[in-house]
Enquirer: 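Take this structure first; my questions come after.
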Amino acid sequence: FEWTALFSGFMVSPWIDNGAIVALSGMSMFLGDIVAQGIIHRSVQRNGRNQAIANGEPDAHSSAPHCKLNLMEAGRVALLGALWRAPNQILWYKLVDAQWPGASLVVSLKKTAITQALFSPYINATMMFGEAYTRTWSVEQAMDQVSDDICEVMLAAWSFWPFINVFNFMVVVGVWKVLVDSIAGTIWGTYLCWVLHRPQSRSLDVPLSARKSHRSNLSVLTDKSMQTDASMQKLAGD
């Protein structure tokens, strides 16, 4: 197996030789983001109506926030899926199939374990970083996004992708594995985009200086609270 030949062709081959699969990967991420936006918007509207009802507003439905789909955001995520995720998947499947040929159950389980241990954390972390970076244009904020959500995402990935991987390695041949991943990836893309774009994740949109100031204030308040608790305990002991 010639590793140098594979890597030298990686920068051109995935897009030219597998254009349809690459496009489908981008489309699956686009659809996933659109669905995720719809879920988030419905949640925001429902919470707005509930808050209006709690406040005793007469027309709670009209006071709920109106949300519009962000097609630019969906297009940005689609580009990440097409230009980053799909080529990496094509390369990975070529590497795995070359190193461990065969489609038996034992071999497929071995490939699945290696894929989930090595490739899955890599591709999910880089996708999360890429989405956050192209949204905020800040490396530090993108790293914050990954560190905040990667554990949750990986637990979900290990509950979903192993079944797809076993089917892929046992039944599907060649780069068509990426096609199966893209179809399943619509579901996964919906979840991943929901994690990245849910309201609590939007704290990344706050300027970094403001977030650092907020964290500093929280640290000061925590220290003061601990000092107060210590003083109360000392007085109680006296």
Side-chain angles (χ1 to χ4, degrees), residues 14 18-46 67 69-93 96 108-109 111-132 134-135 145-146 148-202:
N18 308 288
I21 296 177
V22 169
L24 184 60
S25 180
M27 187 181 301
S28 71
M29 289 301 297
F30 181 88
L31 292 175
D33 188 81
I34 291 294
V35 174
Q37 287 187 48
I39 294 172
I40 293 172
H41 292 171
R42 287 178 65 88
S43 177
V44 170
Q45 291 173 339
R46 182 171 61 252
C67 304
L69 291 177
N70 188 338
L71 295 180
M72 291 293 292
E73 177 181 285
R76 179 168 48 81
V77 173
L79 286 176
L80 285 172
L83 301 181
W84 180 252
R85 187 183 70 171
N88 275 277
Q89 287 175 321
I90 293 170
L91 174 63
W92 176 256
Y93 282 127
V96 172
S108 297
L109 289 174
K111 291 179 181 179
T112 297
I114 294 171
T115 297
Q116 291 305 311
L118 299 179
F119 182 71
S120 185
Y122 158 76
I123 196 63
N124 283 309
T126 54
M127 283 291 292
M128 294 167 65
F129 179 88
E131 191 284 329
T134 56
R135 170 160 45 96
Q145 176 84 76
V146 176
D148 288 346
D149 296 326
I150 188 61
C151 291
E152 176 185 346
V153 168
M154 288 313 306
L155 288 175
W158 289 328
S159 302
F160 177 77
W161 282 110
F163 306 100
I164 308 299
N165 290 156
V166 171
F167 173 81
N168 249 348
F169 289 125
M170 291 187 66
V171 178
V172 187
V173 297
V175 296
W176 295 107
K177 294 181 177 68
V178 181
L179 176 63
V180 175
D181 277 0
S182 295
I183 295 172
T186 303
I187 300 173
W188 180 251
T190 298
Y191 166 76
L192 188 61
C193 291
W194 173 79
V195 169
L196 295 173
H197 300 151
R198 57 190 172 179
Q200 54 264 46
S201 293
R202 287 301 183 178

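Side chains are part of it too, since the values below use all heavy atoms of this structure and drop only hydrogens, waters and symmetry mates.
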Enquirer: Who pairs with Thr115 by side chain to side chain donor-acceptor pair (under 3.5 Å), at least two apart in sequence or on another chain?
Expert: Trp92
Enquirer: Could you go step by step and tell me if Ile150 and Phe129 meet the side-chain contact (heavy atoms from CB on, under 4.5 Å) rule?
Expert: CA-CA 10 Å; Ile150 188 61; Phe129 179 88; over 6 Å; no
Enquirer: If you draw a 6.0 Å radius around CE in Met170, do more than 12 non-hydrogen atoms from other residues or ligands fall strictly inside?
Expert: yes
Enquirer: Can you tell me how far apart OG1 (Thr134) and CD (Glu73) are? Round to the nearest 0.5 Å.
Expert: 9.5 Å
Enquirer: If you round to the nearest 0.5 Å, how far is CE of Met29 from CE of Met127?
Expert: 4.0 Å
Enquirer: Could you please spell out the steps behind the side-chain contact (heavy atoms from CB on, under 4.5 Å) verdict for Asn88 and Tyr122?
Expert: CA-CA 10 Å; Asn88 275 277; Tyr122 158 76; 2.7 Å; yes
Enquirer: Quick one: side chains of residues 155-164, donor-acceptor pairs under 3.5 Å with protein atoms, not counting sequence neighbours, listed by atom name and distance.
Expert:
from   : atom 1 : to     : atom 2 : distance (Å)
Trp158 : NE1    : Gln116 : O      : 3.1
Ser159 : OG     : Leu155 : O      : 3.0

Enquirer: Rounded to the nearest 0.5 Å, what separation is found between the CG atom of Leu192 and the CG atom of Asp149?
Expert: 9.0 Å
Enquirer: Can you tell me how far the CG atom of Leu118 sits from the CD1 atom of Ile123, to the nearest 0.5 Å?
Expert: 13.0 Å
Enquirer: Is there any salt bridge (Lys or Arg N to Asp or Glu O under 4.0 Å) pair reaching into residues 165-183, and which pairs are they, with sequence neighbours excluded?
Expert: Asp97-Lys177
Enquirer: Suppose we screen for side chain to side chain contact (heavy atoms under 4.5 Å, CB included). Which residues come up paired with Ala36, at least two apart in sequence or across chains?
Expert: Thr190, Cys193, Trp194
Enquirer: Quick check on ring-ring contact (aromatic ring centres under 6.0 Å, His included): which of Phe169, Phe119, Trp176 does Tyr93 satisfy it with?
Expert: Phe169
Enquirer: If you measure from NE2 on His41 to NE2 on His197, what distance do you get to the nearest 0.5 Å?
Expert: 10.0 Å
Enquirer: Could you tell me which residues satisfy side chain to side chain contact (heavy atoms under 4.5 Å, CB included) with Leu79, sequence neighbours excluded, listed by chain and number?
Expert: Leu83
Enquirer: Apply side-chain contact (heavy atoms from CB on, under 4.5 Å) to Val146 and Asn124, showing your working.
Expert: CA-CA 9 Å; Val146 176; Asn124 283 309; over 6 Å; no
Enquirer: Partners of Ser182 by side chain to side chain contact (heavy atoms under 4.5 Å, CB included), sequence neighbours excluded?
Expert: Leu24, Ser25, Ser28, Arg85, Val178
Enquirer: Using ring pair (Phe, Tyr, Trp, His ring centres under 6.0 Å) as the criterion, list what pairs up with Phe30, not counting sequence neighbours.
Expert: none
Enquirer: Do Tyr191 and Ile39 come close enough that some side-chain heavy atom pair is under 4.5 Å?
Expert: no
Enquirer: Could you list the residues that satisfy side chain to side chain donor-acceptor pair (under 3.5 Å) with Thr126, not counting sequence neighbours?
Expert: Trp84
Enquirer: Rounded to the nearest 0.5 Å, what separates atom CG in Leu31 from atom CD1 in Ile187?
Expert: 12.0 Å
